[in-house]
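Accompanying notes for the structure given below.
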Amino acid sequence: MAVDIKLKRANKVYHEEETLSGVVILTSKEPIQHQGITLTMDGAVSLQLSAKSVGVFEAFYNSVKPIQLISNNIEVAKAGKFPSGRTEIPFEFPLKVKGSKVLYETYHGVFVNIQYTLRCDVRRPLLAKDLMKSCEFILHSLPQKGRLTPSPVDFSITPESLQNVRERTPLPGFKIRGRLDSTNCIITQPLTGELMVENLDVPVKSIELQLVRVETCGCVEGYARDSTEIQNIQIADGNICQGLAIPIYMVFPRLFTCPTLETTNFKVEFEVNVVVILQDDHLITENFPLKIYRF
C-alpha cells in the first residue's frame with residue numbers, strides 16, 4: 001500500500017486567505033483496512049544558533065522552539081476499508097490565521113527557516129505498520145500595492161575608499177566605478193547595473209557578485225547575527241579591458257530569498273558584495289545592503 005498527497009496547483013504556491021486544496025491518493029493491490037486517515041497542515045519558523053553563538057546565548061539555545069504560524073487538522077476518512085486499486089480523497093484547508101499572527105513567506109535559510117507542510121497519517125490495525133506521507137507547499141506574501149521607488153547607487157572603489165585593509169604592504173593603484181540600478185529590489189526581477197575598471201596597476205583575475213543572507217535571532221540576552229553566502233556569480237574572468245562596461249545581472253533564487261523580514265524574534269536581510277580578485281590575490285570587496293519586496 002502507498003499513500004501520496006497531490007495539490008491542485010502544480011507549482012504549490014499559495015497566498016494567505018486562499019484555500020489549499022488537493023487529494024490524498026491511496027493505492028493498493030488488495031483491499032485495505034484502516035483505523036482512520038488524518039491530514040495535518042503546519043506552518044512554523046525554526047530558529048537555530050550558529051556554533052560560535054551557542055556559548056554566548058546558552059539560555060536562548062535551550063529555549064529555542066519553533067514559532068507556530070498556522071496549524072490545522074482534519075479527518076479525511078473514518079475507520080473502515082478501501083477497495084483495491086487507486087482511491088482519491090479530496091481535501092481543503094483555508095489559509096487563515098487567528099488573531100494578530102502573520103503568515104510569513106516560505107524561506108529556506110541557514111539559521112532561520114520558514115516552512116509550510118502537509119502531513120497525511122494512515123492508522124492501520126494492530127500488527128500493520130502506520131503510513132505517513134508529507135509534502136511542502138510554498139506560501140508567498142501578498143504583493144504590496146503601489147509602485148516601488150528605485151534607489152540607484154553609484155559607487156567608486158579606490159585604495160583610499162577601502163576600509164578594513166588588513167595588510168600593511170602598499171596596495172596597487174586602481175579605480176573601479178559602477179552603478180546598481182536600485183538597492184530596493186522586487187523579488188521577481190533581477191538585480192541590475194554595470195561595473196567598469198577605469199585604472200588598474202595589477203591585472204584582474206576575476207570579478208564576482210556575491211549574494212549574502214544576514215539572519216538575526218534575538219532573545220532577552222541579546223541577538224546573534226550571522227551572514228552566509230546564498231550564491232556567487234562570476235561576471236568577468238581574466239584581465240578585462242579597462243574602460244569596458246560589464247553588466248551586473250543577478251536573479252534572486254526561489255526559496256533561498258524572501259522579502260526583507262523584521263520581527264521581534266528574528267530578522268532576515270540581504271546584501272550583495274562586488275568582489276574583485278587581482279592576479280596577486282588581493283581581494284577587493286564592496287558591500288551593498290538590499291531591501292527586497294514583493295510587488
Side-chain angles (χ1 to χ4, degrees), residues 1-48 62-142 253-258 261 265-266 268 294:
M1 180 190 173
V3 60
D4 197 14
I5 302 168
K6 193 173 182 181
L7 297 175
K8 210 168 187 177
R9 294 182 188 172
N11 64 0
K12 299 184 179 179
V13 175
Y14 291 85
H15 299 88
E16 195 174 339
E17 302 292 322
E18 289 184 343
T19 301
L20 177 72
S21 58
V23 288
V24 174
I25 302 167
L26 298 157
T27 48
S28 175
K29 291 178 182 176
E30 51 195 46
I32 43 170
Q33 196 85 24
H34 66 91
Q35 302 292 97
I37 299 173
T38 56
L39 200 59
T40 307
M41 175 184 63
D42 264 316
V45 182
S46 307
L47 303 177
Q48 197 179 335
N62 293 335
S63 65
V64 65
K65 290 178 185 173
I67 302 165
Q68 195 80 39
L69 301 175
I70 190 168
S71 185
N72 210 334
N73 187 290
I74 53 170
E75 187 178 50
V76 290
K78 287 183 162 50
K81 197 173 185 180
F82 283 118
S84 59
R86 178 184 166 112
T87 306
E88 291 189 0
I89 309 166
F91 66 84
E92 281 190 352
F93 275 114
L95 290 171
K96 288 182 181 176
V97 286
K98 293 172 184 173
S100 59
K101 284 190 177 178
V102 178
L103 292 182
Y104 305 122
E105 184 157 324
T106 297
Y107 167 70
H108 292 188
V110 177
F111 306 108
V112 177
N113 223 20
I114 305 169
Q115 211 164 358
Y116 298 87
T117 54
L118 271 176
R119 194 184 80 239
C120 179
D121 292 289
V122 181
R123 294 191 302 279
R124 303 289 308 282
L126 205 69
L127 302 178
K129 192 180 176 185
D130 289 354
L131 294 173
M132 191 272 283
K133 176 74 178 180
S134 64
C135 81
E136 183 182 6
F137 64 95
I138 297 156
L139 195 105
H140 280 179
S141 52
L142 292 167
R254 190 175 183 235
L255 302 181
F256 298 105
T257 52
C258 67
L261 196 53
N265 298 91
F266 66 93
V268 180
R294 186 175 288 284

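Along the sequence shown, residues carry numbers from 1.
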Just by distance, do the side chain of [X] and the backbone of [Y] share a donor-acceptor pair under 3.5 Å?
| X | Y | answer |
| --- | --- | --- |
| Arg124 | Gln33 | yes |
| Lys101 | Gln68 | yes |
| Thr106 | Leu139 | yes |

Beyond-backbone contact of [X] with [Y], side-chain heavy atoms, under 4.5 angstrom:
| X | Y | result |
| --- | --- | --- |
| Gln115 | His108 | yes |
| Pro31 | Ser84 | yes |
| Val3 | Ile37 | no |
| Leu95 | Glu16 | no |
| Leu118 | Phe91 | yes |
| Val268 | Cys258 | yes |

Rounded to the nearest 0.5 Å, what separation is found between the [atom1] atom of [X] and the [atom2] atom of [Y]?
| X | Y | atom1 | atom2 | result |
| --- | --- | --- | --- | --- |
| Thr27 | Ile32 | OG1 | CD1 | 8.0 Å |
| Leu142 | Glu18 | CG | CD | 8.0 Å |
| Ile5 | Leu39 | CD1 | CG | 5.5 Å |
| Leu7 | Ser21 | CG | OG | 8.0 Å |
| Leu131 | Leu26 | CG | CG | 8.5 Å |
| Leu47 | Asn265 | CG | CG | 6.5 Å |

(message) Less than 6.0 angstrom separating the ring centers of Phe137 and Phe93, yes or no?
(response)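 Judged by ring-centre distance (under 6.0 Å), Phe137 and Phe93 do not meet the cut-off.
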
(request) Evaluate the side chain to side chain contact (heavy atoms under 4.5 Å, CB included) criterion for residues Arg86 and Ile25: first the C-alpha distance (whole Å), next the side-chain angles of each, then the deciding distance (0.1 Å), finally the verdict. (result) CA-CA 7 Å; Arg86 178 184 166 112; Ile25 302 167; 3.4 Å; yes

(request) Identify whether the distance between the nearest side-chain nitrogen and carboxylate oxygen of Lys6 and Asp4 falls below 4.0 Å. (result)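 Result for this pair is no, no salt bridge flagged.
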
For the residue pair [X] and [Y], what are the closest heavy atoms and their distance?
| X | Y | answer |
| --- | --- | --- |
| Ile138 | Asn11 | CD1-O, 4.1 Å |
| Leu69 | Val97 | O-CG1, 3.5 Å |
| His140 | Val13 | ND1-CG1, 3.4 Å |
| Ile70 | Pro94 | CD1-O, 4.4 Å |
| Arg123 | Thr38 | NH1-CG2, 3.6 Å |
| Tyr104 | Tyr116 | O-OH, 2.5 Å |

(request) Classify the ring geometry between His34 and Phe82 as parallel (under 30°), tilted (30 to 60°) or perpendicular (over 60°). (result)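 Rings of His34 and Phe82: parallel, as their planes differ by under 30°.
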
